[in-house]
Amino acid sequence: MKIYKLFLTILCVSYFHSNAQQIMVIIQGATIHVGNGKVIPKGYLGFGGGKIMLCDSVMSATYKNATIIDGRKKDIYPGLICMNSTVGLNEIDQARPTHDFQEVGSVNPNVRSLIAYNTDSKVIPTLRSNGICYVQVVPQGGLVSGTSSVMKTSGWNWEDASYNIDDGVHMNWPEFIPVAQNVDRKEMPESKNPMNEEFQTIDNLFEQSFQYCKTEKPEVINVRFEAMRGIFNGTKNLYVHVDGTKGIISSINFMKKYPGVKMILVGAANAYKLTELISENHIPVVLTNIHRLPQKSNDDIDQPYKTAAELMKAGITVAIGHSGSWQTRSLMFEAGTCAGYGLTKEEALETITQNPAKILGIDKTCGTLETGKDATIIISSGDLLDMKSSIVEQLFIGGEEIDLNNLQKDLYKKYSEKYKIK
């Protein structure tokens, strides 16, 4: 009897939840930032059943029983996408037991980050409060770290939060380190050079995986090689984490041996020096941690802020991500900084909406506010990219309104009341 009642309860909740999703919601009079460079002043955005059904400057049809939201003096944005994050894999930086982003060994393409994604993390609600709806959860460490997935910042468990499973494999390309002046290069055997060993490991992995994947159903399964299959058949991206100019050049030259591989440069601090090479090879770039000092002392102090504009002017698809967990919540402000150094506000918005969606292969369902796409929507009473005026008032992920409360807001309220801070 108890099981029967529980079943009925779950059935009723599911029915009312799905029924609530079908009710049309229309936001009217707001400034709509579509995410592809287009802005609709005093526009209408309508959604129902989890999908966007209207996004225009006029409302051409009459929607009966629709819920109306007054959007006057407010801005609407598509849900933000953060690439190259460890959100959900790392709770407290200084507490090692809360780290679940790195596996033992240096070559682990078969390690999947999504199964370690902790939906109960106290960090995730702080991202939602700022409008971040999707995160690319990336494993760390070693030469080949593992396979990432795109996760929603809402969900009961990792299965519920999964949005794009196993989108790509991540590889840390060996950086060229100058040999100290007091070391004779001739005295260093090639076989003992750690960099040569790393290149040889990468070369062996790709060659062996490539040969293995020629067989559709091998008799003996190799989980590492099997994880690389998507790289060679084009269903997965290959994310190459590299910053130096020599590293970028050598990684591009290496990948020319495998023309079907969809290569993405991640980090790429010195990519601005190689815009022609990157553009010729049609390689997207994911810039990370914009709010930092330049890598080299002879670089311009504002080079990290200018790089996005320089790459985009060369015709390169650029996304902005953030390497870290709790720091990810400042993603939109990093994009906003780039808007002061060569990008327009709408171009800066593209780097955290449309462009990452294209790179991740999810642009058909999210990234912009267009009819037929998921109703993942931010309603803000200020400029979302400006840390002084940005106030996210409402957030919808897949048409479902999300609670914007978090632990930090609770603590702020608690101590504001205690010390009577207005």
Side-chain angles (χ1 to χ4, degrees), residues 81-86 88-89 101-103 105-117 134-152 158-159 161-173 201-218 221-242 251-252 254-268 278 281-286 288 317 319 321 323 355-367:
I81 306 168
C82 181
M83 297 188 66
N84 195 48
S85 173
T86 56
L89 307 182
F101 51 74
Q102 184 171 349
E103 191 54 81
S106 63
V107 180
N108 297 298
N110 53 301
V111 170
R112 306 170 73 210
S113 63
L114 82 164
I115 59 174
Y117 185 70
Y134 306 103
V135 288
Q136 183 196 30
V137 182
V138 177
Q140 307 291 307
L143 276 178
V144 182
S145 307
T147 302
S148 63
S149 292
V150 182
M151 313 296 285
K152 294 183 290 185
W158 67 263
E159 293 100 330
S162 298
Y163 194 75
N164 186 22
I165 296 174
D166 298 338
D167 71 282
V169 174
H170 291 255
M171 179 170 64
N172 297 304
W173 194 260
T201 300
I202 291 172
D203 190 46
N204 290 341
L205 172 67
F206 271 80
E207 186 57 34
Q208 292 171 16
S209 299
F210 184 68
Q211 296 301 328
Y212 172 89
C213 292
K214 286 182 178 179
T215 305
E216 197 167 315
K217 294 181 179 180
I221 301 296
N222 185 308
V223 291
R224 286 190 172 91
F225 297 162
E226 200 64 45
M228 297 289 287
R229 188 181 293 276
I231 297 295
F232 299 114
N233 64 23
T235 58
K236 290 183 184 178
N237 292 333
L238 177 66
Y239 297 95
V240 180
H241 297 246
V242 60
S251 63
I252 292 174
F254 177 83
M255 291 307 158
K256 287 179 180 178
K257 294 194 295 182
Y258 306 97
V261 173
K262 294 189 291 184
M263 177 182 174
I264 317 292
L265 288 172
V266 182
I278 297 169
N281 288 277
H282 309 288
I283 299 172
V285 175
V286 180
T288 59
T317 301
S323 303
N355 290 357
K358 286 181 177 179
I359 293 171
L360 294 165
I362 54 176
D363 54 307
K364 291 183 179 180
T365 56
C366 70

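Hydrogens, waters and symmetry mates play no part in the numbers below; they use all other heavy atoms, side chains included.
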d(His241 NE2, Asn84 CG) to nearest 0.5 Å is 5.0 Å
- Message: In the structure I gave you, are the side-chain heavy atoms of Ser251 and Leu265 within less than 4.5 Å of one another anywhere?
- Response: yes
Exercise. Are any non-hydrogen side-chain atoms of Phe225 and Gln211 less than 4.5 angstrom apart?
Worked result: no
- request: Could you verify whether a donor N or O on one side chain and an acceptor N or O on the other, from Ser149 and Tyr117, lie under 3.5 Å apart?
  value: no
### Task
Give a yes or no on whether the backbone of Lys236 and the side-chain of Asp166 come within a donor-acceptor separation of less than 3.5 Å.
no
Find out whether Glu226 and Pro218 are in side-chain contact, i.e. whether some heavy atom of one side chain is under 4.5 Å from a heavy atom of the other. yes
So, Asn164 side chain and Leu360 main chain: donor-acceptor pair closer than 3.5 Å or not? yes
Closest non-hydrogen atoms of Phe101 and Thr86, given as atom of the first, atom of the second and distance, are CB-CG2, 4.4 Å
Plane angle bin for Trp173 and Phe254 - parallel if under 30°, tilted between 30 and 60°, otherwise perpendicular = tilted
When every non-hydrogen atom of Ile264 is compared with those of Ile283, the smallest separation belongs to CA-CG2, 4.3 Å
By side chain to side chain donor-acceptor pair (under 3.5 Å), Asn110 pairs with (sequence neighbours left out) none
Closest non-hydrogen atoms of Leu89 and Ser113, given as atom of the first, atom of the second and distance, are CD2-O, 3.7 Å
Review point. Do Ile221 and Tyr212 come close enough that some side-chain heavy atom pair is under 4.5 Å?
Key: yes
dist Lys358:NZ -> Lys364:NZ (nearest 0.5 Å) comes out at 13.0 Å
Minimal heavy-atom distance between Met228 and Ser209, with the atoms involved, is CG-OG, 3.6 Å
Would you kindly say whether Tyr239 and Asp167 are connected by a side-chain donor-acceptor distance under 3.5 Å?
yes
For this session: Measure from the side-chain N and O atoms of Asn108 to the backbone N and O of Val111, and report whether any donor-acceptor pair falls under 3.5 Å.
Result: no
In short, Ser145 meets Pro139 closest at the heavy-atom pair CB-O, 3.4 Å
Rounding to 0.5 Å, atoms CZ (Arg112) and OG (Ser148) come to a distance of 11.5 Å
Do we see a donor-acceptor contact under 3.5 Å between the side chains of Tyr258 and Glu207?
-> yes
### Message
Does atom NZ (Lys257) have a neighbourhood of more than 12 heavy atoms from anything else shown, all under 6.0 Å?
### Response
yes
In this structure, SG of Cys366 is separated from CD1 of Ile81 (nearest 0.5 Å) by 4.0 Å
**Q.** Lys262 side-chain N/O to Gly234 backbone N/O, donor-acceptor pair under 3.5 Å
**A.** yes
For Pro356 and Met83, the nearest pair of non-hydrogen atoms, with its separation, is CB-SD, 3.7 Å
CE (Met263) and NZ (Lys256) are apart, to the nearest 0.5 Å, by 10.5 Å
Test your reading of the model: is there a side-chain donor-acceptor pair from Tyr163 to the backbone of Tyr134, 3.5 Å cut-off? no
Practice problem: Check whether any side-chain heavy atom of Cys82 lies under 4.5 Å from a side-chain heavy atom of Gln136, and answer yes or no. | Solution: no
Give a yes or no answer on whether the side chain of Thr147 reaches the backbone of Pro109 with a donor-acceptor pair at less than 3.5 Å. yes
Just do the side-chain contact (heavy atoms from CB on, under 4.5 Å) check on Phe206 and Met255 with the steps written out, would you? CA-CA 10 Å; Phe206 271 80; Met255 291 307 158; 3.8 Å; yes
Problem set entry | Asn355/Thr317 under side-chain hydrogen bond (donor to acceptor under 3.5 Å, both in side chains): CA gap, chis, key distance, verdict | CA-CA 7 Å; Asn355 290 357; Thr317 301; 5.7 Å; no
**Study point:** Any Val137 side-chain heavy atom under 4.5 Å of Leu114 side chain
**Key:** no
